[in-house]
Amino acid sequence: MPADLTAATPRSRVRVPLRFHDGYAVDADLVTFDGLVDGREHIAVVLGDPAPSGTPLVRLHSECLTGDVFGSARCDCGPQLREAVERIAERGGVLLYLRQEGRGIGLYNKLDAYALQDQGLDTYEANAALGLPEDARDYTAAAQMLRALGVTRLDLLSNNPDKAEQLRALDIDVHDRVPTGVFTTPHNVRYLRAKVLQTSHTLPLGDLTDLHAG
């Protein structure tokens, strides 16, 4: 652990039955923490049982009210969350649900950025037009949470290379980066293409054709 990174500790752990709209169901342990550097109420969703000699599968999932809760088709967050829970439960690991709405800019700013996207800007250009960073997320708290759970070596379920790079810089051993599925809709294809072109997400660019909302 970096010398300047204080340790976090679990504060509570509760068993919760998760039920999804498509009928998938699984029980999970939800863990809260004391001592996180950013003071936010992030939670860990512990799923399945990793094999004793295996490497847990971990996803850092940034909160998305519009996608996770309301099923917005403008992003792929809701489908990624649903997929991640099942894949992690099958193998054993942790989903960190991080309170980083809008890549860290907050809900209101995200909706302001949506309005600019409706005028033709992509998701990163819209943030810049508002004087905001393209991606304001910092994963120091995520590294604290993982260490508090005893996870220092993992396979990371993510298309985003920055997540792996930040965790490695925080002395978390990311053994492998496992891509998520591709969840394309007519409403999110420009958003997904921007992820590939601007931040090197591992998505098949050739498959992200310009669909048109009907």
Side-chain angles (χ1 to χ4, degrees), residues 1-20 24-52 54-70 77-78 80-110 135-158 160 162-175 178 180:
M1 181 171 67
D4 58 348
L5 180 59
T6 59
T9 55
R11 63 180 292 279
S12 65
R13 186 173 182 133
V14 59
R15 193 73 168 168
V16 175
L18 306 182
R19 302 293 182 263
F20 289 84
Y24 177 71
V26 67
D27 292 345
D29 286 350
L30 303 189
V31 184
T32 63
F33 299 87
D34 285 321
L36 298 179
V37 293
D38 60 8
R40 296 181 180 177
E41 293 185 331
H42 309 298
I43 62 169
V45 184
V46 182
L47 295 150
D49 297 303
T55 303
L57 185 63
V58 171
R59 174 163 176 77
L60 313 185
H61 186 90
S62 296
E63 175 184 44
C64 177
L65 177 71
T66 51
D68 296 342
V69 177
F70 296 121
C77 301
Q80 280 191 329
L81 177 63
R82 165 65 182 82
E83 176 203 36
V85 168
E86 184 169 2
R87 290 178 67 175
I88 295 171
E90 289 174 351
R91 176 164 155 183
V94 184
L95 183 142
L96 301 185
Y97 196 82
L98 305 173
R99 312 304 295 271
Q100 300 173 329
E101 184 78 47
R103 297 196 303 274
I105 65 173
L107 179 60
Y108 279 19
N109 283 330
K110 183 177 83 170
D135 192 331
R137 290 174 294 182
D138 180 282
Y139 298 109
T140 303
Q144 289 182 291
M145 295 162 74
L146 291 169
R147 288 186 177 280
L149 295 171
V151 177
T152 57
R153 177 180 169 86
L154 55 87
D155 286 342
L156 185 66
L157 182 61
S158 177
N160 184 354
D162 181 57
K163 292 181 179 180
E165 291 169 6
Q166 285 202 39
L167 287 181
R168 288 179 176 130
L170 292 160
D171 289 343
I172 298 295
D173 181 4
V174 180
H175 175 254
V178 181
T180 72

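In what follows, every heavy atom counts, from backbone to side chain, and hydrogens, waters and symmetry copies are set aside. Nothing here was measured: the structure is a model prediction, and the numbers come from that model.
- Atom CE of M145 sits about 6.0 Å away from atom CG of L36, to the nearest 0.5 Å.
- Y139 is not listed as a side-chain neighbour of L96, based on a closest heavy-atom distance of 4.5 Å or more.
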T140 vs D138, side-chain hydrogen bond (donor to acceptor under 3.5 Å, both in side chains): CA-CA, chis, key distance, verdict:
CA-CA 6 Å; T140 303; D138 180 282; 2.6 Å; yes
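- Across every non-hydrogen atom of D27 and L47, the tightest pair is O-CD2, 4.2 Å.
- With rounding to the nearest 0.5 angstrom, the CG atom of L146 is 10.0 Å from the CG atom of L170.
- Here the closest heavy-atom approach between residue T6 and residue Q144 is recorded as O-NE2, 2.8 Å.
- We find the OG1-CG distance between T152 and D173 to be 7.5 Å, quoted to the nearest 0.5 Å.
- The minimum heavy-atom distance linking P56 with G93 is given by the pair CB-CA, 4.0 Å.
- No donor-acceptor distance shorter than 3.5 angstrom exists from the side chain of R99 to the backbone of E63, with no hydrogens or angles considered.
- H42 is linked by a ring-ring contact (aromatic ring centres under 6.0 Å, His included) to nothing, counting only residues two or more places apart in sequence or in another chain.
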Step-by-step side-chain contact (heavy atoms from CB on, under 4.5 Å) determination, T32 to V14
CA-CA 9 Å; T32 63; V14 59; over 6 Å; no
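- Atoms CD1 and CG, on I43 and L30 in that order, are 5.0 Å from each other to the nearest 0.5 Å.
- For the pair D162 and N160, the tightest heavy-atom approach, listed with the atom from each and the gap, is N-OD1, 3.0 Å.
- Distance check: K163 NZ to L157 CG gives 9.0 Å after rounding to the nearest 0.5 Å.
- Under a cut-off of 6.0 angstrom, the local environment of CG in D49 is sparse, with at most 12 non-hydrogen atoms contributed by other residues, nucleotides or ligands.
- By the side-chain hydrogen bond (donor to acceptor under 3.5 Å, both in side chains) test, D34 is found to be paired with no residue, residues two or more places apart in sequence or in another chain being considered.
- Legend: residues meeting side-chain hydrogen bond (donor to acceptor under 3.5 Å, both in side chains) with S62, ordered by chain and number and at least two apart, are Q100, R137.
- Scored by the ring-ring contact (aromatic ring centres under 6.0 Å, His included) test, F33 finds no partners at all (sequence neighbours excluded).
- Inter-residue side-chain proximity for V45 and V85 is flagged as unmet; no heavy-atom pair is nearer than 4.5 Å.
- Nearest approach of C77 to H61, heavy atoms of both residues: O-CE1, 3.3 Å.
- Residues forming a side-chain contact (heavy atoms from CB on, under 4.5 Å) with E90 (at least two apart in sequence, or on another chain): E86.
- Contact between E101 and L65 at its shortest, heavy atoms only, is OE1-N, 3.0 Å.
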Intermediate values then yes/no, side-chain contact (heavy atoms from CB on, under 4.5 Å), E83 and R87
CA-CA 6 Å; E83 176 203 36; R87 290 178 67 175; 3.0 Å; yes
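- The side-chain hydrogen bond (donor to acceptor under 3.5 Å, both in side chains) test applied to D29 returns R13, R15, not counting sequence neighbours.
- For the atom pair L18 CG and R82 CZ, the distance stands at 10.5 Å (nearest 0.5 Å).
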